[in-house]
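Atoms within each ligand, like the ligands themselves, are counted from 1 in listed order.
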Amino acid sequence: MTANITDVLAKVPTGLLIGNDWVDTDETFDVENPATGETLATLSSGGEKEALAALDAACAVQDEWARTSPRERSNILRRAFELVHERAEDFATLMTLEMGKPLAEARGEVTYGAEYLRWFSEEAVRDYGRSATVPEGTLRMVTRRKPVGPCLLITPWNFPLAMATRKVAPAVAAGCTMVLKPAKLTPLTAQYFAQTMLDAGLPKGVLNVVSGTSASAISSPLMADSRLRKVSFTGSTPVGKTLLKAAAENVLRTSMELGGNAPFIVFEDADLDQAVTGAMGAKMRNIGEACTAANRFIVHESVAEEFAQKFAQKIGELKLGNGMDETVTCGPLVEKSAQDNVAALVDDAVSKGATAIIGGAKGDGAGYFYQPTVLTGVPRDARVAQEEIFGPVAPILTFSTEEEALEIANDTEYGLASYVFTENSDRLYRLADGLEFGLMGFNAGVISNAAAPFGGVKQSGLGREGGAEGLDEYTTVQYIGVRDPYAEN
Ligand code: NAD
């Protein structure tokens with residue numbers, strides 16, 4: 001049952017979480033509903049002073065927090081997992097209101113985002129080191145994992161809950177303290193999640209939250225402070241590069257989950273109905289606003305026409321509108337500039353010879369709607385084939401040989417997700433070898449999972465989130481060499 005909007009908004013703390021309290025600031029900012037343009041809430045806006053106060057709070061409890069038992073940290077995460085599920089309708093409503101995704105998808109994100117809490121509650125107690133005798137026999141070697149220390153976690157707007165849990169959960173599991181800076185377009189979910197972590201028993205000071213209008217006013221002083229030991233960022237590649245340069249000053253550990261330009265390759269022997277189902281998930285989930293979103297459909301020339309028709313038919317069944325309406329299956333884009341950008345990409349493709357066989361224009365109403373669109377005959381030099389679209393637009397390009405498909409797929413500076421549809425299983429490892437991407441879906445269009453290592457190569461980033469690898473990002477390995485008791489000296 002849908003939650004009451006006023007009641008849900010009233011549950012969201014509007015201050016900054018610094019140490020023991022949610023504190024208000026004089027400066028504020030509004031959070032807007034992209035489906036209506038209306039203001040949902042007004043939040044405190046933090047800057048340098050508040051960011052440093054948050055780091056003070058994180059540093060004050062770092063040593064004590066690092067000494068808590070893995071089981072204690074695990075239990076807090078498990079309780080948080082349960083609480084997020086108990087509050088599922090609140091979280092789903094907040095995400096639909098501030099980000100625009102349809103309620104059913106927001107509920108899906110609650111399940112997906114909560115899984116990181118459960119997964120890392122389980123990983124927290126399995127953070128093994130190793131023990132050996134060095135080859136010369138002179139030392140006993142012990143390796144152990146220690147928390148990396150206070151972290152800055154910066155999250156994007158497109159998955160307001162999951163991007164926060166994917167960072168906060170492993171940091172908690174490892175014994176790190178942290179300052180979370182949510183995206184200013186969608187801070188409500190993160191603020192409510194932080195309160196949920198406190199309700200789950202997280203000690204005060206471990207998680208601090210500084211929302212605000214100027215991201216760099218918060219991140220720059222933190223990254224210049226030598227007490228900070230790590231920055232984990234999910235967002236666009238240009239901002240990631242700026243942060244990597246800043247991280248060099250204090251040689252910070254970095255995890256960078258950046259942009260994508262995913263190829264979705266359909267071979268002539270693919271089950272086309274299965275490929276269309278995969279395409280709907282890979283392209284239309286989250287209104288196309290996902291780093292893993294299929295960005296270029298690279299389809300064998302012999303089946304391109306049939307695939308395009310079947311895909312367009314499914315896309316025609318989507319209902320564009322306000323995601324709070326349970327019958328809506330495609331919501332608005334997150335802000336006006338996003339809507340304008342998608343429109344410009346489509347116009348550019350059409351001016352270079354592409355055809356919109358469905359969609360191809362902005363939607364009606366006060367929200368930032370764009371019609372779900374399929375473009376055929378897209379030339380490789382069209383902007384839509386080169387840039388991250390971040391909208392419900394599917395450009396179709398064609399190929400004739402496997403080598404050509406690979407060459408088109410890899411012709412990008414990005415390397416996050418890729419998708420391959422074929423009934424020829426020999427192609428699986430051939431393509432896995434050839435595709436320069438951190439993730440590959442084989443006859444599957446939605447592959448993100450808390451148990452799997454998620455991350456990119458090339459300019460899509462560094463490091464992995466989720467899986468066993470996700471915990472490694474928040475630990476540092478210490479080696480202890482112990483004089484062997486049988487050594488001669
Ligand atoms: P963005 O880079 O504009 O913002 C991401 C976050 O960084 C926000 O919190 C923002 O406030 C902050 N930020 C912006 N400028 C900053 C600066 N100079 N210093 C410090 N922080 C700054 O990205 P976005 O528009 O919020 O998100 C969309 C992008 O995120 C897309 O490129 C998408 O592919 C990427 N993304 C990647 C993944 C992944 O796991 N690889 C997941 C989701 C989104």
Show me which atoms of ligand 1 lie under 4.0 Å from any heavy atom of [X].
X: Phe454; result: 39 (C), 40 (O)
X: Thr155; result: 6 (C), 8 (C), 9 (O)
X: Thr234; result: 5 (C), 36 (N), 37 (C), 38 (C), 39 (C), 40 (O), 42 (C), 43 (C), 44 (C)
X: Trp157; result: 24 (P), 25 (O), 26 (O), 27 (O)
X: Pro156; result: 26 (O), 27 (O), 43 (C), 44 (C)
X: Leu416; result: 41 (N)

Among all protein non-hydrogen atoms, which one is nearest to [atom], and what is the separation to 0.1 Å?
atom: atom 20 (C) of ligand 1; result: Ser219 OG, 3.1 Å
atom: atom 18 (N) of ligand 1; result: Ser216 CB, 4.0 Å
atom: atom 44 (C) of ligand 1; result: Asn158 ND2, 3.3 Å
atom: atom 10 (C) of ligand 1; result: Lys181 NZ, 4.0 Å
atom: atom 42 (C) of ligand 1; result: Cys291 SG, 2.9 Å
atom: atom 21 (N) of ligand 1; result: Ala215 CB, 3.4 Å
atom: atom 32 (O) of ligand 1; result: Glu388 OE1, 2.7 Å
atom: atom 23 (O) of ligand 1; result: Ser236 N, 3.4 Å

Contacts under 3.5 angstrom, residues 214-223 side chains, donor-acceptor by atom type, not counting sequence neighbours:
{"unit_1": "Ser214", "atom_1": "OG", "unit_2": "Ala217", "atom_2": "N", "d": "3.1"}
{"unit_1": "Ser219", "atom_1": "OG", "unit_2": "Ala215", "atom_2": "O", "d": "3.4"}
{"unit_1": "Ser220", "atom_1": "OG", "unit_2": "Ser216", "atom_2": "O", "d": "2.9"}

Inset, instruction - Name the orientation class of the two ring planes belonging to Tyr192 and Phe91 (parallel below 30°, tilted from 30 to 60°, perpendicular beyond 60°). - result: tilted
Inset, instruction - Anything under 30° is parallel, anything over 60° is perpendicular, the rest tilted; go ahead and classify Tyr112 against Phe159. - result: perpendicular
Legend entry - Lys230 to Tyr474 six-membered ring, cation-pi geometry met (6.0 Å, 45°): yes
Inset, instruction - Would you confirm whether any non-hydrogen atom of the protein falls under 4.0 Å from atom 15 (N) of ligand 1? - result: yes
No-hydrogen, no-angle side-chain donor-acceptor test under 3.5 Å, [X] and [Y]:
X: Thr42; Y: Asp30; answer: yes
X: Tyr368; Y: Glu32; answer: yes
X: Thr25; Y: Glu50; answer: no
X: Arg87; Y: Thr196; answer: yes
X: Lys204; Y: Asn20; answer: no
X: Lys11; Y: Gln195; answer: no

Legend entry - For ligand 1, the portion of Leu243 having any non-hydrogen atom under 4.0 Å away: side chain
Legend entry - ligand 1 contacted by Arg166 (non-hydrogen, < 4.0 Å): yes
Inset, instruction - Using non-hydrogen atoms of the residue, decide whether Phe390 is closer than 4.0 angstrom to ligand 1. - result: yes
Legend entry - Pairs satisfying ring-ring contact (aromatic ring centres under 6.0 Å, His included), at least one member in residues 431-471, at least two apart: none
Legend entry - Salt bridge Asp381-Lys352, side-chain N to carboxylate O under 4.0 Å: no
Legend entry - Heteroatom distance test (Val239, ligand 1): nitrogen or oxygen, under 3.5 angstrom: no
